[in-house]
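Just below is one structure, and these are the notes that go with it.
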Amino acid sequence: MLYQPIEPYETGTLKVSDIHTLYYEVSGNKEGNPVVFLHGGPGGGTNPGDRTFFNPDKYKIILFDQRGAGKSTPRGCLEENTTWDLVDDIERLREKLGIEKWHVFGGSWGSTLSLAYAQSHPNRVKSLVIRGVCTVRKSEMQFPLQSGTCHLFPEAWDEFVAPIPESERDDLISAYHKRLNSDDEAIRKAAAKSWVRWEMSISKLYIDPNLIAQADDDFFADAFARIEAHYFINDAFMRDGQLLEKDSVDKIRHIPTIMIQGRYDVACPPATAYALKKVFPEATLHIVPDAGHSSREPGTLKLLVEATDKFADL
């Protein structure tokens, strides 16, 4: 069970470059064990429900919106927006809040960013809890966006490819990236809506109409789709498989790590979590037998809260 909803006792902004200013908030116990929540997308932003994965009596809960996402400004901006900019931002936020070490919690793209941050600053991380594990390898992006998930969700796939001419369908990330950055606002909005509808259609074991309805929010869809496509076309600004390399994983072997993965996650397939477990046997991997990608599916949610409870006194 999730913890009861709470309100932040502190909200603020952090200017991290001449262009970008981040929104952040702090809730829970002012003297508690600090944990930072890294949201998905990239470009997804945080929401109040993200606070409820953590015991508010034990944790000092820090949420922030990554560059261009949520309440951070300028919204949807792709300039100076890379994985390594975000890693630096996490450190700036830690320093601003006067935190020596903190727990790191992230799902989907948030798991990618959690690994990138921990491997860059291993002495600042008390534990890792990651869900829907993703390292943005080319093979991982091909599965949901080119040649894998389409076989399981053919109706939704037809809608996803419909805006793209057949001559461009051999590289849908590039085709969408071009349209999401079009000077024509109508083209941009239509592409963003289609991108988000597809992603939300495949996010749960049982299709959730309320999730798909997020595509109708132009404000959300534009930033979410544009930032995702920006990261995916640039391979998340990393070498293919960088986060799984032995030299990278060696830096975090000392960090208690729990991975939670839906067996039927077709957005971030389980092969990645399994690959990470093979090179990082010290980590714990839970495969949820009746779950897809979402953190809100019952088996996944239960294990996520159990993981944060386990680390609450670490």
Side-chain angles (χ1 to χ4, degrees), residues 1-5 37-54 105-112 129-134 136 139-163 172 176 192-218 220-221 224-225 228 232 258-274 285-309:
M1 290 286 291
L2 292 169
Y3 286 94
Q4 289 298 308
F37 179 97
L38 304 182
H39 67 69
T46 57
N47 68 75
D50 296 331
R51 305 169 196 144
T52 61
F53 288 105
F54 313 97
F105 179 107
S108 192
W109 162 254
S111 74
T112 316
V129 176
I130 54 178
R131 183 267 314 163
V133 180
C134 176
V136 200
S139 61
E140 295 172 43
M141 295 298 97
Q142 286 289 301
F143 193 89
L145 293 169
Q146 195 65 50
S147 59
T149 306
C150 57
H151 297 286
L152 301 173
F153 291 82
E155 312 96 317
W157 183 256
D158 264 357
E159 291 186 21
F160 180 57
V161 300
L172 288 165
Y176 264 97
K193 181 173 182 175
S194 180
W195 180 282
V196 174
R197 278 188 65 84
W198 167 247
E199 183 156 336
M200 299 308 171
S201 294
I202 66 170
S203 287
K204 284 189 171 182
L205 188 61
Y206 295 99
I207 294 172
D208 183 348
N210 293 324
L211 206 56
I212 296 172
Q214 291 186 59
D216 297 324
D217 180 347
D218 288 338
F220 170 80
F224 183 76
E228 279 204 336
F232 296 166
I258 296 176
M259 298 184 278
I260 297 160
Q261 180 70 44
R263 170 65 73 190
Y264 299 105
D265 186 341
V266 294
C268 298
T272 303
Y274 185 67
L285 171 61
H286 296 290
I287 300 285
V288 186
D290 55 351
H293 182 64
S294 172
S295 64
R296 301 293 168 158
E297 293 173 287
T300 301
L301 189 154
K302 178 177 181 289
L303 287 167
L304 286 170
V305 174
E306 286 178 1
T308 63
D309 284 348

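Numbers for residues simply follow the sequence, beginning at 1. Computed over heavy atoms, backbone and side chain alike; hydrogens, waters and symmetry mates excluded.
- Within 6.0 Å of OH in Tyr3 there are more than 12 heavy atoms belonging to other residues, nucleotides or ligands.
- Thr308 places no side-chain N or O within donor-acceptor distance of the main-chain N or O of Phe54, the cut-off being under 3.5 Å.
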Checking side chain to side chain contact (heavy atoms under 4.5 Å, CB included) for the pair Lys302/Val288: CA distance, chi angles, key distance, verdict? CA-CA 10 Å; Lys302 178 177 181 289; Val288 186; over 6 Å; no

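- A donor-acceptor pair under 3.5 Å is absent between the side-chain atoms of Gln214 and the main chain of Met200, judged by distance alone.
- Aromatic rings from Phe160 and Phe153 are positioned such that their centres are separated by 6.0 Å or more.
- In this structure, OG1 in Thr300 is found 9.5 Å from CG in Leu205, a value given to the nearest 0.5 Å.
- Looking at Glu140, its side chain does come within 3.5 Å of a backbone N or O of Val136 through a donor-acceptor pair.
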Could you go step by step and tell me if Phe105 and Leu38 meet the side chain to side chain contact (heavy atoms under 4.5 Å, CB included) rule? CA-CA 6 Å; Phe105 179 107; Leu38 304 182; over 6 Å; no

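- Taking 4.5 Å as the limit, every side-chain heavy atom of Ile287 sits out of range of all side-chain heavy atoms of Tyr274.
- The residue from Asp265, Val266, Leu152 that alone fulfils the side chain to side chain contact (heavy atoms under 4.5 Å, CB included) condition with Ile202 is Val266.
- For the atom pair CZ (Arg131) and CD (Gln261), the distance works out to 9.0 Å, reported to the nearest 0.5 Å.
- Rounding to the nearest 0.5 angstrom, the gap separating the CZ atom in Arg51 from the CD atom in Gln4 is 13.5 Å.
- Among all heavy-atom pairs drawn from Pro144 and Trp157, the shortest one is O-CZ3, 3.8 Å.
- For Pro269 against Phe143, the heavy-atom pair with the smallest separation is CG-CD2, 3.5 Å.
- Scanning all heavy atoms of the two residues, the minimum distance from Leu211 to Ser203 falls at CD2-CB, 3.8 Å.
- Taking both residues in full, the closest heavy atoms of Gly262 and Pro270 are given as O-CG, 3.4 Å, listed atom of the first, atom of the second, then distance.
- Listed here is the closest heavy atom pair of Ala307 and Ile260: CB-CD1, 4.4 Å.
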Considering only distance and modelled atom types, tabulate donor-acceptor pairs under 3.5 Å from the side chains of residues 43-50, sequence neighbours left out.
from	atom 1	to	atom 2	distance (Å)
Thr46	OG1	Asp65	OD1	2.8
Asn47	OD1	Gly49	N	2.9
Asp50	OD2	Asn47	N	2.9

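- Asp309 contributes atom CG, which lies 12.5 Å from atom CZ of Phe53 (distance to the nearest 0.5 angstrom).
- Atom-to-atom distance recorded for Glu228:CD and Leu145:CG is 8.0 Å, nearest 0.5 angstrom.
- Within the 3.5 Å criterion, the main-chain N or O of Cys134 finds a donor-acceptor partner in the side chain of Thr112.
- Nearest heavy atom pair, residue Ser194 against residue Glu159, reads OG-O, 3.6 Å.
- A heavy-atom distance below 4.5 Å is not found between the side chains of Ile258 and Glu306.
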Applying salt bridge (Lys or Arg N to Asp or Glu O under 4.0 Å) to Asp290 and Arg263, what does each step give before you reach the verdict? CA-CA 7 Å; Asp290 55 351; Arg263 170 65 73 190; over 6 Å; no

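- Within the model, atoms CD of Glu297 and CG of Leu303 stand 12.0 Å from one another, a figure rounded to the nearest 0.5 Å.
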